[in-house]
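Contents: one structure, followed by commentary.
The figures that follow rest on heavy atoms only: side chains count, while hydrogens, waters and symmetry mates do not. Note that the coordinates shown come from a computational prediction; the quantities given were computed from them, not determined experimentally. Remember, it's 1-based here, ligands and their atoms both numbered in the order they're listed.
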Amino acid sequence: MEKVFISFEKEPGYAMKESLRSLRTNIQFCGDDVRTIMFTSCVPDEGKSTVVLDLARSISESGKNVLLIDTDMRKSVMLRRLHAKGENNKEIYGLSHFLSGQKTIEEVFYSTNVPGLFLVFSGPSVPNPTEILEKSYMKDLIDLGRSYFDYVLIDCAPLGAAIDAAVVAKNCDGAVMVVEQAGVGSRMVVECKKQLEASGVRILGAVINKVKMKQGSYYNYYYKKYYGKYYGKYYGDEKSEKHGRKK
Ligand SMILES: Nc1ncnc2c1ncn2[C@@H]1O[C@H](COP(=O)(O)OP(=O)(O)OP(=O)(O)O)[C@@H](O)[C@H]1O
Ligand SMILES: [Mg+2]
């Protein structure tokens with residue numbers, strides 16, 4: 001397995017880490033038969049990639065092995081966001097190379113400088129992502145991930161834009177919807193949930209992201225989540241925490 005060197009744009013603050021820890025715990029309590037989990041949303045920019053990356057990091061910090069697969073071959077951000085560099089500046093291959101038959105499964109798995117964190121990047125964008133995601137190769141990749149890693153987290157395209165996520169969901173143990181609180185209406189969330197349910201995947205819950213909360217005179221963004229039921233309020237990004245401390 002080749003190695004990539006990655007760095008995160010920012011360290012999550014203490015409160016953000018706490019929030020991720022509870023998300024991690026909620027997922028662990030879904031049972032040991034839920035280890036391949038896909039993340040989607042209704043529309044772009046609700047925070048899927050942010051949540052998946054932070055969660056993968058949090059799981060690896062807890063001493064477990066986690067594989068993150070980026071299936072968004074329409075708009076990949078992982079390489080750039082992680083400042084990923086191949087060992088000896090080697091080219092980094094991804095999912096589209098594998099699904100189109102140009103690379104083997106082993107050639108697209110990468111270990112990283114973060115202990116316990118492994119990656120499959122999306123690779124270059126392709127004209128037919130839905131079609132190649134439907135191939136049995138995708139199931140093979142997820143199944144191989146399941147046999148080697150404690151968790152496989154899968155970042156997907158938004159459901160409102162394409163059916164890619166529903167195609168991937170068929171091969172996963174569970175699905176999580178990331179919902180930006182002020183991003184979409186409840187009717188659209190229900191529609192997307194139905195679409196996911198039709199794939200037969202077990203919906204584990206939702207991460208309500210970018211929740212604007214009034215704290216003193218400040219309105220800030222927070223992570224908040226519920227798994228089956230409401231778990232209360234959680235703290236959010238660094239900027240919010242700084243504002244919080246000022247009060
Ligand atoms: N909790 C948060 N607080 C503040 N900003 C956030 C939060 N979560 C995500 N963002 C910001 O929102 C933007 C979109 O996030 P991200 O790329 O994770 O969304 P996405 O759902 O993966 O988008 P896409 O559908 O394009 O893949 C980014 O600039 C990210 O930094
Ligand atoms: Mg994304």
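- When K210, K48, E180 are checked for heavy-atom proximity to atom 12 (O) of ligand 1, K210 turns out nearest.
- The part of D72 lying near ligand 1 is the side chain, judged by heavy-atom distances below 4.0 Å.
- Look at R81 and you'll find a heavy atom under 4.0 Å from some atom of ligand 1.
- Each of I154, L55, T71 was scored for a side-chain contact (heavy atoms from CB on, under 4.5 Å) with F39, with one residue passing: L55.
- Atoms of ligand 1 lying under 4.0 Å from at least one heavy atom of D45, given by number and element, are 14 (C), 19 (O), 20 (P), 21 (O), 23 (O), 24 (P), 25 (O), 26 (O).
- Each of the following atoms of ligand 1 lies closer than 4.0 Å to a heavy atom of K75: 26 (O).
- Proximity of a side-chain donor or acceptor of R35 to a complementary backbone N or O of R146 within less than 3.5 Å is detected.
- Within 6.0 Å of CG on D33 lie more than 12 heavy atoms contributed by other residues, nucleotides or ligands.
- Side-chain contact of E61 with S58: a donor-acceptor pair under 3.5 Å is absent, judged by distance alone.
- Of the listed residues (V108, L68, I92, V66), just one forms a side-chain contact (heavy atoms from CB on, under 4.5 Å) with L119, and that residue is L68.
- Defined by atom type and a distance below 3.5 Å, a donor-acceptor pair is missing between the side-chain atoms of S122 and D72.
- Within ligand 1, counting atoms from 1 as listed, the ones closer than 4.0 Å to a heavy atom of N209 are 1 (N), 2 (C), 7 (C), 8 (N), 9 (C).
- At a 4.0 Å cut-off, not a single heavy atom of V77 sits close enough to ligand 1 to count as contact.
- Summarising the local packing, CZ of F8 is surrounded by more than 12 heavy atoms from other residues, nucleotides or ligands at distances under 6.0 Å.
- The P44 neighbourhood of ligand 1 comprises atoms 25 (O), with distances under 4.0 Å to a heavy atom of that residue.
- Taking backbone and side chain together, T50 holds no N, O or S atom under 2.8 Å from the Mg ion (ligand 2).
- With 3.5 Å as the limit, one finds a donor-acceptor pair spanning the side chains of T130 and R74.
- If you look at V51 next to ligand 1, there are no close heavy atoms at all, none under 4.0 Å.
- When the heavy atoms of G47, S41, S49 are ranked by distance to atom 22 (O) of ligand 1, first place goes to S49.
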